[in-house]
Q: 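Pasting a structure below so you can have a look.
We number each residue from 1, following the sequence as shown. Every value quoted in this text rests on a predicted model; they were computed, and no experiment measured them.
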Amino acid sequence: MANDNEEKERFTMDIRVFLAVITVAMAASFTLGVAMGPAQQDLYAASLLQQKELATGMAKDAASGVSSVQLDPPAAPTVDVDDDHEPAGQHLLVDIKGIEAAFLDSEERLSKAMVDAVQAAGLTMLSYHCHSLIPKGVSCVGVLLESHISFHTWPDEGVITLDLFTCGSNPLVPVVQTIKELFGIGENVQVQWSHELRGFRRGNKKDENFALLDHNSDLSQIVWSPFDCTVKEQVVSTLTKYQRVDVWDVVGVEESPSYEDAIKHNLQPGDPRWTTAELVTPDRMLFLDGVLQSDTDSFREYHEAMVQPAMFAHANPQHVAIVGGGEGASLREVLKHKTVQSATLIEIDEEFIDIVKTAIPAMSNCSDFEGRASVCFDDDVVTVVKEDAKQWFVDRYGANPTKEAPADKFDVVVMDAIEPEVARAISKNLYDDSSVLASIMKSLSDDGILAIQIGRAPAINDPRPDIGINAPREMLFKKLESLPEVEAMFVYEDAHAGFIEPRAFMVVCKNSSCRSRWYASSDVIDYEIYDRILRTKSNDRALVYFDGVTQLGYQVAPKAWETVYCRREPTPFECAYRHLPMDKKLFEYNIANEDEGDFKLSAKWSDDNEEIIETYVHANVDIPAGSFIMPSHLASSLVLSDETLKGLRGNLEYGGVTVIEDFVEYIDEFGHKSKAEGSGQNIVEIGASYLIRSVSGEASGEANIGRWIPAHPDGKRPKYSPVYERHRLSFDVFMVATKDIPKGAEIVRNAEMWEVA
C-alpha cells in the first residue's frame, strides 16, 4: 500500500521555471565550450592541412565508393573583367570508343587524367567528386574556376563521354588532342567531338579569337560543331599579320568512297566499305577568319566557276590580274589558257601564300599542264606582287596616279578576295570604295572583263537587297553601276563549289559586246575550249568541270536574283514585265481556219496578179488594249547571230544563189536586232505576224500594236538587271495591242518600234 501511495504522489512545477533552467544550462555549456576550445586560427590551419592531404591522395570511403577532393584555393587571378563576366561560354563534348576496360573502371587513373587534362588546358581545378558505380563504371565531375568538367564511363563497351564547359575567350578546341592522349588508352580508339558556343556574346568583341568564337562562322558550323565526323584533324591554325588561317581535315560519318578512293583501294563490287567512311580521303578545308574559302574536294569546280566564264567572255585574254587568291587556285585556272602572256597576282599576305603552298599544294599545282612550271607561282609569265591590292591599283590607275602602270592593260581581272558581306575581311575596301573600283576598271583594256566572287546566292525570301546581310553586295552593285567604264553586268551561281549554299559570281564588262560571248552557244564555247586550253601530260582534260553546257546554265540567273532585284526602292521599271499578265488575253491567227481564228489576212496584188504588193491583217473579234497579238507565231521567231548573217552576206559576193539572196532580203525586211545591247542576235519573224502592215513618219499614229515592254524611261537599259537578262528573248519578240481594236479594224504597227531602247 505504501508503494501504491508513493506512485500516486505527484510534484507540481511551473513550466516557465523549467524552460528558464534549460536555457541557462545551454548557455553555460556553450560559454564553457568556447572558452576551453581551440583558437580560430587553429581550425583554419587544420582545414588547410586537410586540403593538402586530399590534394596528394584521395580520402575514399570504401563502403560508399565515393571520393571527393578539395584542392588548394588559387591565388586571386588578374582577370579581364569584360571577358570573364561576359554571359557566354564554350562547351566541348568528347566521345571516345575503344578504350581498355581496366582504365575505364579505375577511379584513380581516370581522376588523374581529368586533373592532368585541366592543367594542360591552362584551367584551374577547385575540387572534384567521383563515384565508382556498380557493377562497373565511374562518373566524375570537377568544379573549375572557369566552370566545370565531367565524364561517365562504360568499361564493357570501351566508351567514355566527357564534357568541358568554360567561360572566357581561350578556345577549347586545342584541348581535344590532350583529352585524346590522356583518355584514349587502347588500340583502334575512335574519337568524336563537338565544340559549341553557349550563352550570349557581345558583337563588338574583335580580339584575335573573334573569328573562332563566332556562332555563325563557317569554321564553327562546318567543322567544330558537327558530332558526326570520323575525322576532324587540325592541320594549321595560326595568325598571320593580316588574318587567321585555319586548315582542317574532315570526314563525315555518312560519307562514302569517291571514284579516286575506289581506284586507290581497289574496291570491288560487294565490298561493304562502299557504304562506310572507312576509306574516304579527308577533305582538307581552308578557312580565313573563320570563313570557308575552298577545299580539296571542290576547289577545281569552285575556281573554274569563278574564273573560266570571265576568261571565255574575252576573245583573247593575254594579260590577267588576280586580286587576292594567295592559295594559287585562281592562278592555276588562268594559266590553263594558251593566250596568257602575263599573270599578275596581287596578294597582301605573304605568309598565307607560304602556308597554303605547304598545307594544300594541289591548289597551286601546274605540273600536269604542258609548258607550265610545276608550281603555278613559279611560271615564267607569273608576277607575284606582295602588296595591298587596293593601294596598288589606286597608285597606278587612280585619279592621281603616283606610280607607273604596267605597259599592257589587263584583259581580265579576277577578284578572288573574301566576299563583300564579311565585314572583317582585309579585302573589305575593295568593294565599298568607289575609287578602288574605278581604278580597277581603268586598268582594263577597252574590252576588258572583271570577275568577282560575291558570296552566297540569294533566296527568294531575302529582304530588300540594301538591308540585311546582303547590303554590302548591293552597295558593290550600285557603285559598279555608277561607273562610266561599266557597260554590262551578269550574275550567276553554282551549287557544286563545295559550300553549304550555292556560290554567286559576277562578270562585269567594260564593253557591252561581251554579251555576245556571254550568250554564246554551247558548241561555240566547247570549240574555244578545244582551241585555247592547254593540253595535259596525263591526257586528262585540263578543265574538269567547266564546258559549253555549264556556261549555258550560267546564262540565265535563277529567279531569286530577279525577285530580290525587284525589291529595290523605287521598283525598277522593267519589274512590271516579269510575267505575262494573267488578266490579258492571247489572240492568235488560225492557219487551218481563218474564220475560227482571231485574225484574217488579205493582200493587194499587182495588176498582173503575179506579185503581192502589200499585206493586211484584220481583227475578226474585238481586241482589248494590252492583249497579246499572235504570241505563238512571234515565239517561233528565228534567232540569228551577227556571225551567221555575216556568213550569209559573204556568200552573196559569189552570186548565183537565189535562195540565199531572197533569205537575206527577207531578214533585212522582217528582222530586227535584239534590244539586249551587244548580244549580237537578230530576231526574224517567220509566223503570220510578218504580214502585219508597218507605218512610219506621219502615219505612225495609225499604229495600234507595239512592243510588250516599252522603251525604258531613261532611254537606255540598266547596266545591271536580272529582269532584262532573264527575259531578253520575250522582250525582243512579243507585241501587244496599244489601244482597243474593234472587230474588223486593221492591225498596224510602227516600223520604228524596235529602234528604241
Q: Tell me, yes or no, whether the heavy-atom count around Leu586 atom CG, taken from other residues, nucleotides or ligands under 6.0 Å, exceeds 12.
A: yes
Q: Look at the aromatic rings of Phe505 and Tyr302 and report parallel, tilted or perpendicular, splitting at 30° and 60°.
A: tilted
Q: For Phe312 and Phe546, I'd like to know if the aromatic rings sit close, meaning centre-to-centre distance below 6.0 Å.
A: yes
Q: Is a side-chain N or O of Ser220 found less than 3.5 angstrom from the main chain of Ser217, in a donor-acceptor match?
A: no
Q: With a 6.0 Å cut-off on the ring centroids, do Trp708 and Phe628 count as close?
A: yes
Q: Could you tell me the separation between the OH atom of Tyr724 and the CZ atom of Phe573, rounded to the nearest 0.5 Å?
A: 5.0 Å
Q: Thinking salt bridges, do Lys673 and Asp642 make one under a 4.0 Å N-O criterion?
A: yes
Q: Looking at Lys479 and Leu437, would you say the former's side chain and the latter's main chain have a donor-acceptor pair under 3.5 Å?
A: no
Q: CG of Asp466 to CD of Glu474: how many Å apart, nearest 0.5 Å?
A: 6.0 Å
Q: More than 12 foreign heavy atoms under 6.0 Å from CZ of Arg541: is that the case here?
A: no
Q: Once the angle between the rings of Tyr492 and Trp518 is folded into 0 to 90°, is it parallel (under 30°), tilted (30 to 60°) or perpendicular (over 60°)?
A: tilted
Q: If you count the non-hydrogen atoms of other residues, nucleotides and ligands that lie under 6.0 Å from CZ in Phe227, is the total more than 12?
A: yes
Q: Can you tell me how far CZ of Arg456 sits from CG of Asn470, rounded to the nearest 0.5 angstrom?
A: 4.5 Å
Q: Please test Gln551 against Ser522 for side chain to side chain donor-acceptor pair (under 3.5 Å), starting from the C-alpha separation and ending with a verdict.
A: CA-CA 7 Å; Gln551 177 63 23; Ser522 61; over 6 Å; no
Q: Is Glu725 salt-bridged to Arg515, cutoff N-O under 4.0 Å?
A: yes
Q: Measure the CE-CD distance between Met489 and Glu481 for me, rounded to the nearest 0.5 Å.
A: 5.0 Å
Q: Below 6.0 angstrom between ring centroids: does that apply to His303 and Tyr545?
A: no
Q: Glu562 vs His727, test: side chain to side chain donor-acceptor pair (under 3.5 Å). Steps then yes/no.
A: CA-CA 10 Å; Glu562 174 183 280; His727 302 283; 2.7 Å; yes
Q: Is Glu685 salt-bridged to Arg749, going by a charged N under 4.0 Å from an acidic O?
A: yes
Q: Has Arg568 got its NZ or CZ under 6.0 Å from the middle of the six-membered ring of Phe477, at an angle within 45 degrees of the ring axis?
A: no
Q: Mind telling me whether Trp392 and Phe410 have parallel, tilted or perpendicular rings, with 30° and 60° as the class edges?
A: tilted
Q: Any ion pair linking Arg473 and Glu419 (charged N to carboxylate O, less than 4.0 Å)?
A: no
Q: If we ignore hydrogens and angles and just use 3.5 Å, is the side chain of Glu501 paired with the main-chain N or O of Phe499 as donor and acceptor?
A: no
Q: Taking Lys336 for the side chain and Ala542 for the main chain, is one N or O donor matched with an acceptor at less than 3.5 Å?
A: yes
Q: Ignoring hydrogens, what is the shortest heavy-atom contact between Pro458 and Glu493? Give both atom names and the distance.
A: CD-OE1, 4.3 Å
Q: Do Arg517 and Asp447 meet the salt-bridge criterion of a basic N to acidic O distance under 4.0 Å?
A: no
Q: Does a side-chain N-to-carboxylate-O contact under 4.0 Å join Asp714 and Lys716?
A: no
Q: State whether the number of non-hydrogen atoms from other residues, nucleotides or ligands found under 6.0 Å of Glu254 atom CD is greater than 12.
A: no
Q: According to the interplanar angle, ranging from 0 to 90°, do the rings of Trp224 and His195 count as parallel (below 30°), tilted (30 to 60°) or perpendicular (above 60°)?
A: perpendicular
Q: Does Asn461 have more than 12 heavy atoms from other residues, nucleotides or ligands lying within 6.0 Å of its CG?
A: yes
Q: Would you please indicate if the ring centroids of Tyr565 and Tyr720 are separated by under 6.0 Å?
A: yes
